[in-house]
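The structure appears below as structure tokens.
The first residue of the sequence shown is numbered 1, and numbering continues consecutively from there. Just so it is clear, the model here is predicted, and its values are computed rather than measured.
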Amino acid sequence: MIKKTFIATLALAALCAGPSAAQNYVALGRLVCGSDGGTGMILTSTKNLLCTFKPANGAPAATYAGTIRKIGIDIGKTGKSTMVWDVLAKTGTPVSKYALAGEYYGIGADASLAVGGGAKVIGGGTNKAFMLQPVNVQVQEGLNIAIGVDELTLAPAS
């Protein structure tokens, strides 16, 4: 049952991130986020992140402090994880050094048994102009299952 639900959620994420969802977007670069992990509290969880955005145009990288909160089913404990997204912006969006700061919302699914993975398709940021599309399945350590709505908050790291 858990495996079928996980696969169904990943399929839904892939549909949301397909070409039709990205037609009015341009690729800006790649966002890589790392977390030391956390414990799922059945209906919610929160993880702290440190993220680096590397623009495709060769501009200097920007570092963000972030949190990701899941609302849904989250049972278990995770260790270190890495999430990688392609960053897309609505055509014509002005992009400053910390343009990705803001709140993002989307769907996500994760599962681990020693080593596992997951995927999150999320959108938001300044004027809801950005979409984060998973490059590959997130890699994480631990023992958990999590399916639900993800809220990612990014702020410039000091």
- Message: Looking at every non-hydrogen atom in both residues, tell me the closest pair between Ala27 and Leu88 and how far apart they are.
- Response: CA-CD2, 3.6 Å
- Which residue pairs pass the salt bridge (charged side-chain N to carboxylate O under 4.0 Å, His left out) test with at least one member in residues 81-90, sequence neighbours excluded? Arg30-Asp86
- Task: Measure the spacing between CD of Gln133 and OH of Tyr25 and express it to the nearest 0.5 Å.
- Result: 10.5 Å
- Can you name the nearest heavy-atom pair linking Leu31 to Leu100, along with the distance? CD1-CD1, 4.4 Å
- Look up atom SG in Cys33 and atom CD1 in Ile68, then write down how far apart they are to the nearest 0.5 Å. 8.0 Å
- Message: Exactly one of Asn57, Leu28, Val26 should register a side chain to side chain contact (heavy atoms under 4.5 Å, CB included) with Val95. Which one does?
- Response: Leu28
- Query: How about Met83 and Leu49: do any of their side-chain heavy atoms sit closer than 4.5 Å?
  - Reply: yes
- Between Val32 and Thr82, does a side chain to side chain contact (heavy atoms under 4.5 Å, CB included) hold up when you go through it step by step? CA-CA 7 Å; Val32 177; Thr82 302; 4.1 Å; yes
- Item | Lys47 NZ to Asp150 CG distance, which is reported to the nearest 0.5 Å | 9.0 Å
- Query: Can you check whether Val87 reaches Leu132 side chain to side chain, under 4.5 Å on heavy atoms?
  - Reply: yes
- Residues forming a side chain to side chain contact (heavy atoms under 4.5 Å, CB included) with Ala155, sequence neighbours excluded: none
- Query: Do the side chains of Cys51 and Thr63 get nearer than 4.5 Å, heavy atoms only?
  - Reply: no
- Say whether, by atom type as modelled, one donor and one acceptor occur between the side chain of Thr153 and the main chain of Gly66 under 3.5 angstrom. no
- Applying ring-ring contact (aromatic ring centres under 6.0 Å, His included) between Tyr64 and each of Phe53, Tyr98, Tyr104, report the one that passes. Tyr98
- Task: Sequence neighbours left out, what passes side chain to side chain contact (heavy atoms under 4.5 Å, CB included) with Ala61? Give chain and number order.
- Result: Thr52, Lys54
- CD of Glu103 to CG of Leu154: how many Å apart, nearest 0.5 Å? 10.0 Å
